[in-house]
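Presented below is the structure to which this report refers.
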Amino acid sequence: MRYALLDRGDRLSRELADQFHDMAEARGMVRDDKSPRIVVSIGGDGTLLQAFHRYRDQVSKVGFVGVHTGHLGFYADWKINELPELVELMSSTEPTTVSYPLLKVEIVTNGGTSTYLALNEFTLKSVVGTLVAQLNINDEPFEMFRGDGIVVSTPSGSTGYNKSVNGAIIHPHLEAMQIAEIASINNRVYRTLGSSFILPKHHHCDIVTDPEASLAVGIDHLILQFREVRSIICSVAEDKVHFARYRPFPFWNRVRDAFIGFDENDRESARKRPR
Ligand code: NAP
């Protein structure tokens with residue numbers, strides 16, 4: 001079993017990484033940073049985003065596993081005290097693969113086209129002043145956006161930035177992308193839809209801005225600056241990200257535990273409640 005490991009860089013994560021390597025070696029697993037079969041991230045969801053971008057060129061071939069050093073995350077489902085169990089399962093069993101959609105972002109400038117894959121989302125903001133952007137859906141004009149920015153998220157990213165701007169949470173088995181506004185200007189002159197909207201896989205959204213504008217483009221945790229952008233094309237990517245599951249990790253349980261809170265007493269009282 002060839003694996004690679006990326007940790008958050010803090011003391012606890014580094015210590016856990018050392019422990020993982022020792023246990024993995026004892027179980028005959030081989031560390032292979034160049035072409036791993038499983039990529040383990042130790043830290044949080046943010047660390048798994050970094051691991052994804054480090055191995056994005058091999059995204060169709062690797063399976064990701066996340067260990068969380070704090071609360072359970074959306075991508076990081078193993079707790080630190082479960083590290084020995086994880087190593088044992090990795091060395092002895094074949095995981096189930098769960099695949100989630102990714103977002104493809106093509107940024108067309110006078111100098112050529114740059115293509116990115118996002119696991120959570122793409123964000124567009126103006127470096128200076130209000131962002132002004134024409135949104136076209138499937139090559140038809142849709143709306144003229146004025147405001148702080150636009151978030152285009154994957155289903156698994158819908159619990160991240162998208163949720164903070166009132167986007168809906170989408171189950172990652174749906175192949176879709178969601179477009180949400182950040183503080184749009186809406187009055188008698190300027191008008192946008194005002195709610196987030198969800199496009200299926202075979203649709204695309206083009207965002208056209210003033211070519212003179214300086215743009216801040218976010219791809220997950222990465223921020224890039226662009227000028228002379230002619231258009232930005234967003235669509236659901238052909239490639240998917242794969243997670244190696246050694247036990248079930250239901251999405252709606254994660255949503256409940258992260259945003260609503262739940263413990264075993266809640267489960268007991270739900271059972272006793274008349275139906
Ligand atoms: P960060 O600013 O250090 O942390 C952002 C928080 O988002 C962390 O608590 C992280 O969890 C959590 N997170 C990451 N992906 C998530 C997901 N799919 N669902 C729910 N929570 C998620 O930045 P970072 O750790 O490098 O992560 C970058 C992400 O932060 C972006 O992709 C974006 O989704 C999110 N973000 C949110 C806002 C906002 O809500 N206003 C603003 C900027 C960025 P962990 O603690 O487990 O790492």
Side-chain angles (χ1 to χ4, degrees), residues 6-14 16-17 39-56 59 64-80 82 98-105 116-127 131 147-174 176-184 196 198 215-225 234 236-237 240-243 249-262:
L6 188 133
D7 67 70
R8 185 164 46 195
D10 59 297
R11 198 169 152 188
L12 174 60
S13 302
R14 284 204 312 266
L16 291 167
V39 174
V40 179
S41 90
I42 299 184
D45 285 335
T47 320
L48 203 134
L49 289 176
Q50 290 178 28
F52 167 78
H53 283 278
R54 182 169 296 179
Y55 288 96
R56 67 178 172 265
V59 82
F64 291 91
V65 174
V67 178
H68 213 297
T69 51
H71 56 92
L72 281 187
F74 280 87
Y75 301 120
D77 53 325
W78 289 87
K79 291 183 270 191
I80 47 183
E82 296 170 330
V98 172
S99 305
Y100 285 176
L102 296 167
L103 181 72
K104 180 176 166 191
V105 182
Y116 300 92
L117 277 184
L119 173 54
N120 266 356
E121 75 282 288
F122 152 75
T123 56
L124 183 66
K125 295 177 183 174
S126 169
V127 173
L131 173 72
D148 283 5
I150 294 166
V151 180
V152 185
S153 59
T154 64
S156 61
S158 66
T159 50
Y161 204 157
N162 168 74
K163 186 172 183 300
S164 304
V165 292
N166 284 326
I169 294 183
I170 306 183
H171 193 283
H173 283 169
L174 298 173
M177 63 178 173
Q178 178 166 195
I179 302 179
E181 306 176 346
I182 311 173
S184 60
S196 74
I198 297 164
L215 300 174
V217 167
I219 302 286
D220 298 333
H221 57 296
L222 309 165
I223 304 291
L224 313 161
Q225 276 204 27
C234 298
V236 177
K240 286 187 164 192
V241 62
H242 308 295
F243 294 95
F249 186 31
F251 178 73
W252 293 117
N253 289 11
R254 271 175 279 161
V255 172
R256 178 197 64 196
D257 295 354
F259 297 117
I260 300 169
F262 190 82

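As the structure lists them, so they are numbered: ligands from 1, and atoms in each ligand from 1.
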Measure [X] to ligand 1 on non-hydrogen atoms and call it side chain, backbone, both or neither using the 4.0 Å cut-off.
X	answer
Val165	neither
Ala258	neither
Phe74	side chain

Within a distance of under 4.0 Å, is there any protein heavy atom near atom 40 (O) of ligand 1?
yes
Quick check on atom 48 (O) of ligand 1 - does any protein heavy atom sit closer than 4.0 Å to it?
yes
Option whose closest heavy atom lies nearest to atom 26 (O) of ligand 1, chosen from Arg8, His221, His71
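Residue with the shortest heavy-atom distance to the ligand atom: His221.
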Please state which option from Ile223, Asp45, Ile169 has its nearest heavy atom closest to atom 45 (P) of ligand 1.
Asp45
For ligand 1, is there an atom lying under 4.0 Å from some heavy atom of Gly46?
yes
Any atoms of ligand 1 less than 4.0 Å from a non-hydrogen atom of [X]? List them with their elements.
X	value
Asp220	32 (O)
Ser164	39 (C), 40 (O), 41 (N)
Gly44	47 (O), 48 (O)
Glu121	31 (C), 32 (O), 33 (C), 34 (O)
His68	47 (O)

In terms of heavy-atom contacts, Ala118 and Phe52 come closest through C-CE2, 4.3 Å
For His53 and Leu117, which heavy atoms make the closest approach, and how far apart are they?
CE1-O, 3.2 Å
Do the two ring centres, one from Phe74 and one from Phe259, sit under 6.0 Å apart?
yes
Asn120 versus ligand 1: do any nitrogen or oxygen atoms come within less than 3.5 Å of each other?
yes
Return yes or no for this condition: an N or O of Thr47 is under 3.5 Å from an N or O of ligand 1.
no
